[in-house]
Amino acid sequence: MTEPVLQTRDLSKSYAGLQANRNIHLQLQRGEIHALIGPNGAGKSTLIGQLAGEIKPTSGQIFFKGRDITTSAGHARAHLGLSRSFQVTSVFDDMTVLENLALAVQAHDRHSFRFFSRVSQNRRFNRPACELARQFGLEQYHAVLAGELGHGEKRQLEIAMTLAGNPEVILLDEPMAGIGPGGTAELIRLLDGLRGQVSMLLVEHDVQAVFALADRISVLVYGEIIATGSVEEIRANPQVQQAYLGDAC
Amino acid sequence: MSRRVMWILAGGGLLLLALPWLAQAMDESYLTTTVTRVMILAIAAVSLDLIVGYGAMVSFGHAAFFGLGAYVAAILSHHFHLGDALLGLPYGIGGSNELLLVMLLAMLVAAVVAALTGLISLRTQGIHFIMITLAFAQMLFYLFVSLDVYGGEDGLVMSGRNHLPGIDTADDNQFYYVCLLALLLYVFLARRLVNSPFGRVIRGSKSNPRRMQALGYQTYWYRLVAYVIAATGAALAGVLMANMNEFVDPGLFSWQLSGELLVMVILGGLGTIYGAVIGASVFLLLEILLSAYTEHWMFFLGPFLVLVVIYARHGLFGLLQNRARRND
Amino acid sequence: MLRLQQVHAGYGGSEVLSGVDLLLREGEVVTLLGRNGMGKSTTIHCIMGQLACRSGSIVFDGCELNDLPAFRRARLGIGWVPEERHIFPNLSVQENLQVAAANFASAQQPWTLQRVYQLFPRLQERVQHAGNQLSGGEQQMLAIARALMINPRLLILDEATEGLAPLIRQEIWRVIEQLKQQGLSILIVDKHIKTLLQLADRYYLMEKGQVVSSGEASQLAQDAGLQARYLGV
Amino acid sequence: MLLLIEQVLNGLQLGFMLFLLSAGLTLVFGVMNLINLAHGSFYMVGAYVAATMIQHGSGFALALLVALAAAALCGLLVEVLVLRHLYHRDHLDQVLATFGLILFFNESTRMIWGRQPLFMQLPEFLSASVEILPGVPYPLYRLVIIGVGLLVAVGLYLLISHSRVGMRIRAGASNRDMIAALGVNIRWLYSLVFALGALLAGFAGVMAAPLYAVESGMGESILILTFVVIVIGGIGSVKGALLGALLVGLVDTLGRAFLPQLLQGLFDSSSANSVAASLSSMGIYLLMVLVLAIRPRGLFPA
């Protein structure tokens, strides 16, 4: 087995005595779609926050491409090729779709201390931005303010922005939340299309989407990973049934 | 921007261009100096809009940089006329009376002060940022109150305006055009700035700082540079103000002036640049108009501001744009 | 007692509820089922006045709720245990209870601190602890206890046992069962369908912002096909 | 040494006065998330009303009561007519609107009372001096202010920590929607908190009237100090406001009193005086910058 592109070692976080997660060993292989499921409050968002550099772990380490990034700041991780999306759609509401994407592209420029040129006419930002918009079916919305998009399109924009600058790993925090079955199907198709191009850590409640997409699944309960395996293994795992899927199935 | 708004702005520009003639024709030459004052404060308001409107950095101490600029001009002129060196240094830098050089130095001083104070201020957010910027401005206010060498509380008189090659700055009409040119240039540069790659980063940092970090921007430094740029704009306006009045006093640092600058920007409409100009004009002209009718003009101006906040949510410029949009 | 008719609501540009009808009679336990994102919480937010309805009507006890601010609805006797619990973090357990204490609906046998502590002995051990020092389970107990302190005639529980350890979950179920015995009307959302269907009298099943099925809870318990279609994985 | 005691008492007196002003402001900010620049106006109203009553021969107690009522009433009106519309708005909108209110209040007092400052006579029973130490007289009135400030602090503590209303205020500060869902009329609660803040500000105004000139705009100079206090203390925290107020009062008073002497060791006397003057005026702002540089959200972030 090759070395995982992203992995954690003994990662833990506690807030004022409350343990959010504990001794997390997670390995994301290059090119795989790895889903992370678990009930609310199981520590999934904390884990994403730790990986993205927004939450400082209490102990443990994070390795990205073999490099210890435990103490790197969030923006530095983005430059290394570790990109994230947000659970609550987090786009720039007062900018157009194209501006949103171009700004995401611009982030991978060396610096943005350029004060005079017109950014709206910058081909180097606009061309990849248009490409992303096309890929995510947002072409007809180029000039629409992101805040005025429908929920499903906003979600697509959210994920498209994550992909600007060709990251190697993307962390997707509940991308399917609240977009309805049609939107979910569309998003599954889009993410499926990215398979192999980019490694994904997918936190998701929609188990059907997870089963459709994931190469492997890890189950997080009470801050601990209780199982990792293929879709079949997880579905068959009685411990998972008990802890997460409850008595629903 | 809609065509109608363009026309209104163009009309306003033409009016400004012709104003000294009109004022003379109407035999109301005080109008020229009044509008000069408006234009100078408009420059300061535009510079404040750069950070408040585009970067959500609500500075309640912007007058500090305005005052600094003014004092740099006055102090340099003071030493120039005395013929001695700055800070009593035997071989130090002497004074200067060249307007362009003075402007450059004033902007430099403001930039340094802004960088130092910004390093600390930008660690805070929201109301804390408002208050810490106020604190720095108050510190400068008291510093200049106690600087007896430069007049302390009583202020410092300049012996004449700075020199600009080919122009008689002492002539109010010519000085008017200097200020008009400065305003137009500054508005042009500010528009370019907010539409530049840097400007978009600042707008992004206002709209969604968390996302900016996640995308890979180190927003702190961009915000700091924006803060410094805005400070230099205020200093520029300060130099012009000192020249216009041929007098400076610590009141230029006062929190009331900072507050009024903020009011101008909000009144005109945040984050539009033009709004700041409109806000400054309306605020000052309203003040002048009302005070012509009643000495208690503030009694009416106050509630007017309250009504603007409650009913015109995007300021006067927003109102203008909305009306234009509805009519188009 | 509670009747929703053609309720439409949403956030910003999206419509989450597109015509919800629901009925709850006095003394009944009704459960609202459906997968995540189907509009269960939004329905509850509409009832509680946390979100304005775009159209439709919500009537409680003959009062049209849409015209009433949130606090008036509570005073009519609707207690709410929100999904996020919303414990006041800077108040102690006892204060969290006292802050709510009121008998707007003039209950015969009003809830007191003692009665609530009897129901949740664990809370009594932590009276002086601040809300943010409690574990998830204790917070949930406190949220239920706090809702009871306004002496509701209808108790609404959103995700009553989500994220709780099995033992605590059983404790919560026991309490809800007890409240049912005392004749309290309950509207409940949860993921543990089996337990829910044993507890509830009737169910409403939501899909894409609409009620797609409703009826006796016992019927649904036997209908594996319907369960798999709308709830299964 | 004697001078030190006297100056410390002066500092405490200023501190407690600032506390009266800050308590309301910090509550209003903490509970309603509202920046109110016009808070100083209630202070001014309190001072003007009390001074006018006394000038017309009223007793001190009556003047105090009427002034408090006037300040609270002003607060209530402002809340209901203006600020209620601004709770969900940007802080900037609040700044602009309350700036407008300042202009209105200042001009109104000028229209009613004219431009000349008023002076308020102390009633005789308060104008005496007491010997705090053998041979050291100290104005009774300043001691009274300290005492009153202490009483208000204790009262507020009891109100906020131990009463039902206080619980609701604290709960409302952390989650407005939830407290409403428990049947609490949040609008009424807000009006109450606001009026209470205005009343305390008016109280400070009455206390200040005999010490300083009562004039239009008197609210603003002290308002800035008040903001410094609540920012140092941590916005929303009454405990922070008390600590911040005492700190600011002491630093300001002691700085002015002792800095010139301290600096005379370093410089010649004239420049020492001027440096000391500017340093002591800047003192509290330096304090604030220092506190915020280390703790960006103040000493007791709520």
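Per chain, numbering begins at 1; letters A, B, ... match sequence-line order.
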Contacting moiety of A:Ala52, where chain B heavy atoms sit under 4.5 Å
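Contact with chain B involves no heavy atom of A:Ala52 at all.
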A:Asp93 versus chain B, heavy atoms under 4.5 Å apart: side chain, backbone, both or neither?
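Contact with chain B: backbone only.
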Backbone N or O of B:Pro197 within a donor-acceptor pair of the A:Gln106 side chain at under 3.5 Å?
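Pair found, side chain donor or acceptor close to backbone of B:Pro197.
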Within the supplied structure, the quantity of interest is the number of heavy atoms (other residues, nucleotides, ligands) at a distance under 6.0 Å from A:Asp192 CG; does it exceed 12?
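Yes - once you tally the heavy atoms of other residues, nucleotides and ligands closer than 6.0 Å, there are more than 12.
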Would you find more than 12 non-hydrogen atoms of other residues, nucleotides or ligands less than 6.0 Å from B:Glu98 atom CD?
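Atom CD in B:Glu98 is packed in, count exceeds 12.
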What residue in B:Gly204, B:Gly199, B:Ser196 has the most heavy-atom pairs under 4.5 Å with chain A?
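Of the candidates given, the most pairs with chain A belong to B:Ser196.
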Listing, residues 178-188 of chain B side-chain donor-acceptor contacts under 3.5 Å, not counting sequence neighbours, or none:
none

Name the option with the most non-hydrogen atom pairs under 4.5 Å to chain B; the candidates are A:Ala78, A:Ala102, A:Ala164, A:Ala107.
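Counting heavy-atom pairs under 4.5 Å, the top option is A:Ala107.
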As an exercise, state the distance from [atom1] of [X] to [atom2] of [Y], rounded to the nearest 0.5 Å.
X        : Y        : atom1 : atom2 : result
B:Asn208 : A:Met95  : CG    : CE    : 9.0 Å
B:Thr219 : A:His75  : OG1   : NE2   : 8.0 Å
A:Glu54  : B:Gln213 : CD    : CD    : 8.0 Å
A:Phe92  : B:Arg200 : CZ    : CZ    : 10.5 Å

Suppose a student defines contact as a heavy atom less than 4.5 Å from any heavy atom of chain A. Which residues in residues 220-232 of chain B would they list?
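Within residues 220-232 of chain B, the residues under 4.5 Å from chain A are B:Trp221, B:Tyr222, B:Val225, B:Ile229.
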Which residues, numbered in order, of residues 55-65 of chain B come under 4.5 angstrom of chain A by heavy-atom distance?
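None at all.
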With a 4.5 Å heavy-atom cut-off, do B:Arg203 and A:Glu99 have their side chains touching?
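B:Arg203 vs A:Glu99: side chains touch.
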Between A:Glu158 and B:Arg211, is any pair of side-chain heavy atoms under 4.5 Å apart?
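Yes, close enough: below the 4.5 Å cut-off.
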On a heavy-atom basis, which atom in A:Leu103 and which in B:Met212 lie closest, and how many Å separate them?
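Closest heavy-atom pair between A:Leu103 and B:Met212: CD2-SD, 3.8 Å.
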Do any of residues 109-121 of chain A come closer than 4.5 Å to chain B, heavy atom to heavy atom, and if so which ones, in number order?
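From residues 109-121 of chain A, the residues near chain B are A:His111, A:Ser112, A:Phe113, A:Arg114, A:Phe115, A:Phe116, A:Ser117, A:Arg118, A:Val119, A:Ser120.
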